[in-house]
Amino acid sequence: MPLQKPGRSAQVVQTPPEFLERVRNLLKIDDWAIDLAANKHNTVCDVFLSKQHDALRSRWRWQDFVGAEQWAWLNPPFGRIEPWVQKTCETKGSLSNYAGIAVLLPASVGSNWWATYVDKQCLVLLLKGRLTFVGHTSPYPKELVLLLYSLPVKPGYEVWDWRHDAATEC
């Protein structure tokens with residue numbers, strides 16, 4: 001496994017397409033409505049918020065970019081996670097009944113931000129099977145989770161073998 005380099009590891013990565021396909025199948029969606037932290041090289045859809053948009057300071061006006069049964073994607077920089085999950089948790093209240101935000105993060109269950117903005121706030125899918133981000137040769141060295149913030153999805157924890165499990169309805 002690659003050595004960890006706190007503060008020096010790549011913060012702009014692209015989520016593997018095969019993982020995104022499995023998540024879309026799980027959520028029963030054709031595509032993402034918006035990518036909340038991307039650039040033109042790593043976005044997962046046509047509509048995205050880049051560093052220039054300053055996604056953490058701008059208001060995520062859900063009704064402007066997401067309709068019923070649409071989901072936003074968020075794979076934020078892992079170097080500073082708390083403001084991203086805080087904003088996601090706060091935005092959850094403005095979601096329509098069938099919209100949501102899917103967030104890919106390291107499983108930092110001992111972090112203060114986890115206790116405040118993740119535990120009992122969303123469905124946590126503990127990923128079985130490591131991800132290798134596009135352009136990298138080795139899997140990410142830590143366990144990852146997929147967080148599903150949505151009004152119809154009940155908070156809790158599940159293990160998801162994303163490579164082998166058939167998609168189940170959320």
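Given the structure is predicted, the values throughout are model-derived calculations rather than measurements.
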*Contact check, side chains of Asp31 and Trp71, non-hydrogen atoms, under 4.5 Å*: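 Contact flag for Asp31/Trp71 side chains = no.
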[X] side-chain N/O to [Y] backbone N/O, donor-acceptor pair under 3.5 Å:
X: Lys92; Y: Gln121; result: yes
X: Trp73; Y: Ile101; result: no
X: Asp35; Y: Val44; result: yes

*For Ser108, which residues count as a side chain to side chain contact (heavy atoms under 4.5 Å, CB included) partner, sequence neighbours excluded?*
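Only Pro106, Ser111, Trp113 meet the side chain to side chain contact (heavy atoms under 4.5 Å, CB included) criterion with Ser108.
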*asked:* List the residues meeting side chain to side chain contact (heavy atoms under 4.5 Å, CB included) with Thr116, not counting sequence neighbours, and say none if there are none.
replied: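 With neighbours one apart ignored, the set is empty.
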*Any salt bridge (charged side-chain N to carboxylate O under 4.0 Å, His left out) involving residues 42-54? Give me the pairs, sequence neighbours left out, ordered by first then second residue.*
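Residue pairs passing salt bridge (charged side-chain N to carboxylate O under 4.0 Å, His left out), neighbours aside: Asp54-Arg57.
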For [X] against [Y], the heavy-atom pair lying closest together:
X: Leu123; Y: Lys154; answer: CB-O, 3.7 Å
X: Ala99; Y: Ser150; answer: O-OG, 2.9 Å
X: Thr132; Y: Thr137; answer: CG2-C, 4.2 Å

Euclidean distance, [Y] [atom2] relative to [X] [atom1], rounded to 0.5 Å:
X: Trp32; Y: Leu20; atom1: CH2; atom2: CG; result: 6.5 Å
X: Leu127; Y: Tyr140; atom1: CG; atom2: OH; result: 12.5 Å
X: Phe78; Y: Arg80; atom1: CZ; atom2: CZ; result: 15.0 Å
X: Gln14; Y: His41; atom1: CD; atom2: NE2; result: 10.5 Å
X: Tyr149; Y: Cys122; atom1: OH; atom2: SG; result: 4.0 Å
X: Leu49; Y: Asn39; atom1: CG; atom2: CG; result: 12.0 Å

*Is there a side chain to side chain contact (heavy atoms under 4.5 Å, CB included) between Leu126 and Trp160 once you walk through the steps?*
CA-CA 6 Å; Leu126 306 159; Trp160 184 39; over 6 Å; no
I'd like to check the side-chain hydrogen bond (donor to acceptor under 3.5 Å, both in side chains) partners of [X]; sequence neighbours left out, ordered by chain and number.
X: Gln86; value: Glu90
X: Thr43; value: none
X: Trp114; value: Tyr157
X: Ser50; value: Gln52, His53

*Hey, quick one: are Phe19 and Leu147 part of the same hydrophobic cluster, counting side-chain heavy atoms closer than 4.5 Å, chains of contacts allowed?*
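Looking at the clustering, Leu147 is in the same group as Phe19.
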*asked:* Between Val23 and Val118, is there shared hydrophobic-cluster membership here, with clusters defined by ILVMFWY side-chain heavy atoms closer than 4.5 Å?
replied: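 Yes; tracing contacts between hydrophobic side chains, which count when under 4.5 Å, links both residues.
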*May I have the step-by-step check of side chain to side chain contact (heavy atoms under 4.5 Å, CB included) for Val134 and Asn42, ending in yes or no?*
CA-CA 9 Å; Val134 174; Asn42 71 359; over 6 Å; no
*asked:* Please determine whether side chain to side chain contact (heavy atoms under 4.5 Å, CB included) holds for the pair Leu125 and Val145, giving the CA-CA distance in whole Å, both sets of side-chain angles, and the decisive distance to 0.1 Å.
replied: CA-CA 6 Å; Leu125 297 178; Val145 293; over 6 Å; no
*After noting the C-alpha distance and the side-chain angles of Asn25 and Trp162, does the key distance pass the side chain to side chain contact (heavy atoms under 4.5 Å, CB included) rule?*
CA-CA 10 Å; Asn25 289 342; Trp162 67 273; over 6 Å; no
*Of all residues at least two apart in sequence or in a different chain, which pass the salt bridge (charged side-chain N to carboxylate O under 4.0 Å, His left out) check with Glu143?*
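Salt bridge (charged side-chain N to carboxylate O under 4.0 Å, His left out) list for Glu143, sorted by chain: Arg130.
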